[in-house]
Amino acid sequence: MEEQSTLLKVSGLKKYFPVKGTQIIGGKRMLKAVDDVSFSVEKGSIMGVIGESGCGKSTMGRTILKLTEPSGGSVRYKDKILFDVEGRQEIGKKELLKTRKEIQMIFQDSYSALDPRQNILKVLSEGVVKHKVTDKGSVKDYCAHILSLCGLEESALYRFPHEFSGGQRQRIGIARALAVGPEFIVCDEPTVALDVSVQSQILNLMLDLKENMSLTYLFISHNIGVVKHFCDKIAVMYLGRFVETGNAYELCREPLHPYTQALLSAVPITNPWEKKKRIYLEGSIPEGSDIPKGCRFHTRCRHAQERCRIEEPGLSEAAPGRFAACHLY
Amino acid sequence: MELLKIKNLSVSFKVACGRVHAVNDLSFSLQKGKCLAIVGESGSGKSVTALSIMRILETNASVDGGQILFEGRNILAVKEKEMQSIRGKQISMIFQDPMTALNPSYTVYRQIAELYKLHRKAAENVKQEITELLGRLHIPNPELILKKYPFELSGGMCQRIVIAMAFALKPDIIIADEPTTALDVSTQAEILKLLKELSEDTGSAVLLITHDMGVVAEMADEVMVMYNGRRVEKKEAEEFFRNPEHPYTKGLLRARPENFNGRFITMSDERGEIKSGGTKYTS
């Protein structure tokens with residue numbers, strides 16, 4: 001039963017980049033952007049990934065889709081293994097293309113994600129034709145239908161990306177992802193450049209579509225205020241690894257990991273008369289090529305003890321359904 | 001005390017299909033040592049207002065009317081040379097994107113030293129002064145940072161340098177145009193704290209432009225809402241959050257993500273359709 005509802009299973013995912021200018025003899029230094037991440041996403045749920053810029057959350061999203069080559073670990077989508085680096089298994093090219101129909105991505109910067117020379121019909125129909133979503137004669141009508149689902153008019157089909165506002169372009173980005181009829185969508189900060197009201201519209205659209213088309217989202221963001229309400233589950237990422245996962249509301253109400261606590265305390269107050277105790281982290285984030293030994297957060301942690309400098313904690317269940325990678329629990 | 005008074009300011013841009021009226025008949029004043037937040041959606045004329053005060057509008061823009069009185073003087077009428085002595089020294093600005101605000105081919109030291117060179121003839125002790133300044137911003141290892149180029153630093157560090165430059169000559173007014181939009185929440189919290197500390201230290205008034213109500217709640221003494229280049233409402237910060245009057249203001253406050261109730265609230269949920277805060281065209 002449980003096996004059936006798991007849509008995506010990621011185990012031990014790693015993505016390392018060689019650091020330029022380091023010696024080839026004696027081994028290149030590696031920047032560990034994603035360093036051993038495991039999780040699964042249930043069908044019909046929204047999983048959120050939060051963390052500061054440079055923590056590896058976007059790289060993780062891209063690696064899952066095989067948009068960049070993974071350095072280690074495996075990803076299973078439904079009963080298909082997309083890749084398993086250790087088991088030397090990899091999905092075939094044709095099969096991968098077919099799977100792309102089911103897994104789509106919405107990008108952060110809607111302007112650079114759309115080809116400026118293609119009108120919207122071209123943008124939307126490319127995938128539709130390729131994957132034979134509908135028969136040739138009705139491609140145009142189909143694209144118009146998808147646009148209307150995303151709150152845009154049919155006339156938009158013959159316009160170009162630069163003629164739209166940021167919010168409208170993001171709708172087009174969503175429409176493009178939806179056009180091929182996916183089940184799973186990786187969303188990489190889809191509302192980062194938008195005003196609050198437009199952000200609300202886009203997020204509501206995504207919620208409507210999710211309910212009507214039974215979609216599943218992996219939602220990458222650094223906007224904690226949004227993630228708290230939008231997602232079912234949240235994972236907090238620090239230096240390429242998850243430090244805490246759990247139910248969205250509970251995690252935001254009572255964060256367990258010292259890093260999550262600091263991150264949440266930095267969220268601005270909602271009203272001027274509110275008092276909030278801030279936890280300011282000391283120092284800056286270590287380089288991904290120079291991850292501290294032991295717990296990777298110990299250099300900035302208020303509770304760091306001797307043990308934290310030596311032994312790296314794994315994710316362990318700290319409360320029912322709540323996991324934290326910290327020796328305190 | 002009124003430090004800056006804007007009277008009936010109107011600014012428009014010449015574009016291919018006519019004129020865009022970005023700021024229409026805008027009046028407000030900024031008190032000494034206080035923080036005034038200007039909020040509104042993109043395109044509501046917030047940034048154009050800031051650029052008009054600094055007199056660094058683009059060449060296709062024109063001020064169609066009004067006055068900007070700084071210490072009783074209309075700075076729209078002063079000569080460019082005189083404006084140069086005001087800019088950076090008495091009124092300075094913090095920009096949204098720290099990476100593009102700094103010159104990529106200058107080291108941090110040269111970037112900051114330029115300010116001193118332009119506004120003060122004597123060049124002694126500049127290095128020491130700059131080092132002290134960076135120390136006040138809690139920048140570790142200021143000597144090392146001074147030798148670096150902007151691309152070698154993180155976004156948060158670059159924004160600190162931009163802030164250091166803005167406060168260097170202890171100006172009367174700091175205009176901060178979305179100073180934390182490009183930053184993470186944790187960096188944002190640090191930068192806001194820094195802005196507060198420094199403005200209290202130097203007694204500078206802050207004109208804070210933002211669309212983030214959280215930032216407003218953290219920083220502002222007073223809040224002004226702009227829509228379509230016009231002033232919609234101006235109030236004391238606490239009063240603004242407790243009793244917003246204008247339907248547009250109410251909408252802005254309700255559209256915050258924390259008011260989620262199964263769906264996020266949009267501006268159009270509030271009393272029918274409110275057009276998003278764009279600008280008007282005339283031909």
Side-chain angles (χ1 to χ4, degrees), chain A residues 50-55 151 165-168 191-208 211 221-230 238 248-249 252 259-260 262-274 276 278-285 287 300, chain B residues 39-44 138 140 153-157 180-190 192-193 210-221 223 236-242 251-270 274 276-278:
Chain A
I50 55 174
E52 292 171 274
S53 44
C55 75
S165 70
Q168 286 172 323
T191 61
V192 76
L194 306 174
D195 278 327
V196 263
S197 175
V198 183
Q199 167 172 285
S200 299
Q201 290 169 13
I202 297 291
L203 294 173
N204 287 344
L205 170 68
M206 289 175 66
L207 286 174
D208 291 341
E211 280 162 25
S221 176
H222 66 241
N223 190 335
I224 294 158
V226 165
V227 169
K228 180 181 175 184
H229 302 291
F230 190 77
Y238 181 74
Y249 265 102
C252 290
Y259 175 66
T260 319
L263 195 64
L264 290 177
S265 85
V267 176
I269 49 174
T270 42
N271 295 304
W273 53 88
E274 219 171 89
K276 194 166 182 177
R278 287 265 145 80
I279 306 166
Y280 292 99
L281 292 178
E282 280 180 26
S284 50
I285 306 181
E287 293 282 324
R300 304 170 79 196
Chain B
V39 297
E41 292 174 273
S42 32
S44 62
H138 312 297
L153 305 171
S154 67
M157 192 55 80
T180 57
T181 309
L183 307 172
D184 280 323
V185 270
S186 45
T187 322
Q188 167 171 287
E190 284 165 33
L192 293 181
K193 186 175 161 223
T210 182
H211 62 248
D212 187 336
M213 288 298 174
V215 173
V216 176
E218 294 273 349
M219 299 289 295
D221 299 308
V223 187
E236 292 281 315
E238 208 173 310
E239 188 58 19
F240 170 82
F241 282 93
R242 274 193 212 281
L252 265 186
L253 284 168
R254 287 205 349 146
R256 298 190 284 173
E258 57 264 26
N259 293 326
F260 182 85
N261 57 355
R263 286 291 182 272
F264 293 93
I265 293 166
T266 64
M267 296 293 279
S268 49
D269 301 344
E270 186 78 23
I274 294 178
S276 213

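Only a predicted model underlies this, so the values are computations on that prediction, with no experimental measurement involved. Here is how names work: the chains are called A, B, and so on, in the same order as the sequence lines, proteins then strands, and each is numbered from 1.
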> Who among A/Leu264, A/Val196, A/Leu203 has the most heavy-atom pairs with chain B under 4.5 Å?
A/Leu203
> Please state whether the side chain, the backbone, both or neither of A/Ile224 comes within less than 4.5 Å of a heavy atom of chain B.
side chain
> Return the CE to CG distance between B/Met213 and A/Asn271, rounded to the nearest 0.5 Å.
11.0 Å
> Please examine the side chains of A/Lys228 and B/Phe260, heavy atoms only from C-beta on, and report whether any two atoms are closer than 4.5 Å.
no
> Return the minimal non-hydrogen interatomic distance between A/Thr270 and B/Glu258, and the atom names on each side.
CG2-OE2, 2.7 Å
> Between B/Glu190 (side chain) and A/Tyr280 (backbone), is there a donor-acceptor pair under 3.5 Å?
no
> For A/Gln199, which atoms come within 4.5 Å of any heavy atom of chain B: side chain, backbone, both, or neither?
side chain
> Counting only heavy atoms not in A/Glu287, do more than 12 sit closer than 6.0 Å to its CD atom?
no
> If you count heavy-atom pairs within less than 4.5 Å of chain A, which of B/Gly214, B/Ala189, B/Ala217, B/Gly262 leads?
B/Ala217
> Please report the closest heavy-atom contact between A/Val267 and B/Glu218, naming both atoms and the distance.
O-OE2, 4.5 Å
> Would you call the rings of B/Phe264 and A/His229 parallel, tilted or perpendicular, where under 30° means parallel and over 60° means perpendicular?
perpendicular
> Between the side chain of A/Ser197 and the main-chain N/O of B/Met267, is any donor-acceptor distance below 3.5 Å?
yes
> Hey, what do you get for CG (A/Asp195) to NE2 (B/His211), rounding to the nearest 0.5 Å?
5.5 Å
> What are the two closest non-hydrogen atoms of A/Ser200 and B/Ile265, and how far apart are they?
OG-O, 2.9 Å
> So, using side-chain contact (heavy atoms from CB on, under 4.5 Å) as the criterion, who are the partners of B/Asp184 when residues are at least two apart?
A/Glu52, A/Ser53, A/His222, B/Ser186, B/Thr187
> Suppose we screen for side-chain contact (heavy atoms from CB on, under 4.5 Å). Which residues come up paired with B/Arg263, at least two apart in sequence or across chains?
A/Asn204, A/Leu207, A/Asp208, A/Glu211
